[in-house]
Number of protein chains: 2
Amino acid sequence: MTATKKQNISASLEDYLEAIFNLTAESKTARSKDIAKSLGVSRASVTGALRLLKEKKLANYEPYGFVTLAKSGRAAAAEVVKKHNILKTFFVNVLGIEIETAQKAACRAEHALGAKVISQLLNFIEFTAKENKNGYDIVGKFWKFCEK
Amino acid sequence: MTATKKQNISASLEDYLEAIFNLTAESKTARSKDIAKSLGVSRASVTGALRLLKEKKLANYEPYGFVTLAKSGRAAAAEVVKKHNILKTFFVNVLGIEIETAQKAACRAEHALGAKVISQLLNFIEFTAKENKNGYDIVGKFWKFCEK
DNA sequence: TGACAAAGTTAGTTACAGCTAACTATATTA
DNA sequence: TAATATAGTTAGCTGTAACTAACTTTGTCA
């Protein structure tokens, strides 16, 4: 078989992939200083990360050139973004966490949780929606339960 | 005021605190080689970590001597263990994740999630138990929902 | 009690991930 | 087009966290 083994990417590099993914979605080109700003990191750190991402064939990058995600990089980034969104939605819509807190928690947890947990969280979100449609508002009852 | 500011502890050091906490609970003394074994790390790495924990006044330690947790170290360890247990319980009892998978996921997520998220997860576990007692088996329905 | 094994430490290496300061390339604009 | 500001890179440093190999300490038991 020809399956490209999914390589281990550090939490830090996942953050860079995610940032590039989001920036290119918004504005077509990911510039080094924008990546730096969005991650709260120096421009020099971005250069270092881009070199690593290139080495690992996750991003296409030449000094002073454009940054784009390679195929495997885009897949990895999409995976992280998906985890992020599911986590954030779960925290906000089910647990009732404030958006800002949920955002930060999702940023950290997205690197720590595997596919199985994430898919079950998504299932759970869908389950509560279905139950709600059927007249049983699990989330509403839970939030009331928390008020005590 | 005299509040000792809660210092930042790395995920790695939290793991060491947790290991020492669990070992002392089981067998009264935490030996370096047992810490190494339980974390899957070399003995030399343990020595380095113990030095750091001592510097930060989280553990009492002299070369070739006993290791015990200082007051603040015990508190930090207990916090991590608590997070671990709540996460694991949530993964297993609510999401229906296999125990081994849940164990590993909890190990990683315990360092990433803050107090608010954890306390809401605990609330949720208690909420489903209460609902179940009242005749509405949320978890059972969810697991059935997942089967499709 | 002395030899030996087990436990623990030290020294030195590697890799990652960040930083600042100084340099280079690019792009803008007068 | 030349000056300059902005963007990006490089070099060198720091701190964390792991490793192996070699050494020291401790404890056991013949």
| Residues B/Asn134, B/Glu131; criterion side chain to side chain donor-acceptor pair (under 3.5 Å); working and verdict | CA-CA 5 Å; B/Asn134 293 346; B/Glu131 286 282 296; 4.8 Å; no

Could you give the [atom1]-to-[atom2] distance, from [X] to [N], as a whole number of Å?
{"X": "A/Arg51", "N": "C/dG18", "atom1": "CZ", "atom2": "C1'", "answer": "14 Å"}
{"X": "A/Phe66", "N": "C/dA27", "atom1": "CZ", "atom2": "C1'", "answer": "13 Å"}
{"X": "A/Asp15", "N": "C/dC16", "atom1": "CG", "atom2": "P", "answer": "16 Å"}
{"X": "A/Glu14", "N": "C/dC16", "atom1": "CD", "atom2": "P", "answer": "15 Å"}
{"X": "A/Leu17", "N": "C/dA17", "atom1": "CG", "atom2": "P", "answer": "11 Å"}
{"X": "B/Asn8", "N": "C/dG18", "atom1": "CG", "atom2": "C1'", "answer": "15 Å"}

Comparing nearest nucleotides in DNA chain C, the 5'-proximal residue of the pair A/Leu52, B/Pro63 is B/Pro63

Of A/Ala44 and A/Ser10, the one whose closest nucleotide on DNA chain C sits nearer the 5' end is A/Ser10

With a cut-off of less than 4.0 Å, is there a side-chain N or O of [X] near OP1 or OP2 of [N]?
{"X": "A/Arg43", "N": "C/dT20", "answer": "no"}
{"X": "A/Tyr64", "N": "C/dC23", "answer": "no"}
{"X": "A/Ser45", "N": "C/dC19", "answer": "yes"}

Heavy-atom check, side chain of B/His111 versus side chain of B/Asp15, under 4.5 Å: yes

So, B/Phe124 versus A/Phe124, ring centres under 6.0 angstrom or not? yes

Looking only at C/dA11, C/dA25, C/dG8, the nucleotide nearest the B/Thr47 side chain is C/dG8

| message | Check whether B/Trp143 reaches the backbone of B/Val94 with its side chain - one donor and one acceptor, N or O, closer than 3.5 Å. | response | yes

* To do: Please answer whether the main-chain N or O of B/Ile20 pairs with a side-chain N or O of B/Thr24 as donor and acceptor at a distance below 3.5 Å.
  => yes

* Asked: Under the side chain to side chain contact (heavy atoms under 4.5 Å, CB included) criterion, do A/Val80 and A/Leu17 qualify, and how do the steps go?
  -> CA-CA 8 Å; A/Val80 175; A/Leu17 287 177; 6.0 Å; no

Applied to residues 48-76 of chain A, the salt bridge (Lys or Arg N to Asp or Glu O under 4.0 Å) test, sequence neighbours excluded, yields A/Lys54-A/Glu62

TODO: Would you mind classifying the nucleic acid contact of A/Ser42 as base, sugar-phosphate or nothing, using non-hydrogen atoms under 4.0 angstrom?
DONE: base

Under 6.0 Å from the ring centre and within 45 degrees of the ring axis: does the NZ or CZ of A/Lys130 meet both conditions for the six-membered ring of B/Phe142?
no

Expected list for residues 31-41 of chain A near DNA chain D, using heavy atoms below 4.0 Å, is A/Arg31, A/Ser32, A/Lys33

Requested in this report: Kindly determine whether A/Gln103 and A/His84 satisfy side chain to side chain contact (heavy atoms under 4.5 Å, CB included), including the steps that lead there.
Outcome: CA-CA 8 Å; A/Gln103 174 68 28; A/His84 181 101; 3.3 Å; yes

Students should find that the nucleotides of DNA chain D closing off the region near chain A, any atom under 4.0 angstrom from a heavy atom, are D/dA7 to D/dT10

